[in-house]
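A quick write-up on the structure given underneath.
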Amino acid sequence: MAFLRGDEVEVCSKQVGFVGSYYAATVINNYDNNKSYAVQYKNLVTEDKSHPLIEIVSADEVRPLPPKVSATGFASLDVVDAFDNDGWWVGKVSGRQGFDYFVFFDTYGVEIPYPTSQLRPHFEWVNGKWVSKKRV
């Protein structure tokens, strides 16, 4: 899928320490016949915190924004995205206590509680279509 200047997207980080995270961005340019894109992040800023971060990323790291799905609750082992550290991180629900859901992140071996407002169902962008990853 080719993206145009102004398209709202998510960028999947492949950097060590950020694998499994997605960051909202806007396409500001494309290069090499859509093989890479310049994106400006919504929540990430430059080191001096003076401007939004702009990066050139490979096309395989860019996807459209996932569908907005209201979720009022999750079940154990549901695959979710948790909003933390300015991005969405893929994990699975491992439990619940009160209003918080515990999310386990396989990549990092940690479990963190989140309120429902910081969770969304996880979707994968596969062959130009959104596929729900409800359970592991």
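When a residue number appears, it is its place in the shown sequence, counting from 1.
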Worksheet entry | Pair Tyr23, Glu10: side-chain N/O donor-acceptor within cut-off below 3.5 Å | no
Worksheet item: Is the closest side-chain donor-acceptor distance between Glu111 and Ser94 under 3.5 Å?
Response: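 Looking only at side-chain atoms, Ser94 and Glu111 do form a donor-acceptor pair, the distance falling under 3.5 Å.
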Worksheet item: Do Arg120 and Pro66 touch side chain to side chain, with heavy atoms closer than 4.5 Å?
Response: yes
Item to complete: State, yes or no, whether a side-chain contact exists between Val79 and Val90 at a heavy-atom distance under 4.5 Å.
Response: yes
Practice prompt. Please list, chain by chain and in numerical order, all residues satisfying ring pair (Phe, Tyr, Trp, His ring centres under 6.0 Å) with Phe3, sequence neighbours excluded.
Written response: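 Checked Phe3 against ring pair (Phe, Tyr, Trp, His ring centres under 6.0 Å); matches are Tyr37.
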Item to complete: If a pair satisfies salt bridge (charged side-chain N to carboxylate O under 4.0 Å, His left out) and one of its residues is in residues 28-46, list it, with sequence neighbours excluded.
Response: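 Residue pairs with at least one partner in residues 28-46: Glu8-Lys42.
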Fill in: Apart from Phe102 itself, residues in the same hydrophobic cluster as defined by side-chain heavy atoms under 4.5 Å
none
Worksheet item: Do you reckon Val19 sits in the same ILVMFWY cluster as Val57, going by side-chain contacts under 4.5 Å, direct or chained?
Response: yes
Fill in: Hydrophobic cluster identity match, Phe104 and Val80, side-chain contacts under 4.5 Å
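Per the 4.5 Å side-chain linkage, Phe104 and Val80 are not co-clustered.
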Worksheet item: In terms of the angle between their ring planes, are Trp89 and Phe18 parallel, tilted or perpendicular, with boundaries placed at 30° and 60°?
Response: tilted
Item to complete: Compute the ring centroids of Tyr101 and Phe74, then answer whether they are less than 6.0 Å apart.
Response: yes
Worksheet item: Do Lys92 and Asp78 meet the salt-bridge criterion of a basic N to acidic O distance under 4.0 Å?
Response: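 Between Lys92 and Asp78 there is no salt bridge, as every charged N stays at least 4.0 Å from the carboxylate O atoms.
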Fill in: From CZ (Phe123) to NZ (Lys129), nearest 0.5 Å
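The distance works out to 14.5 Å.
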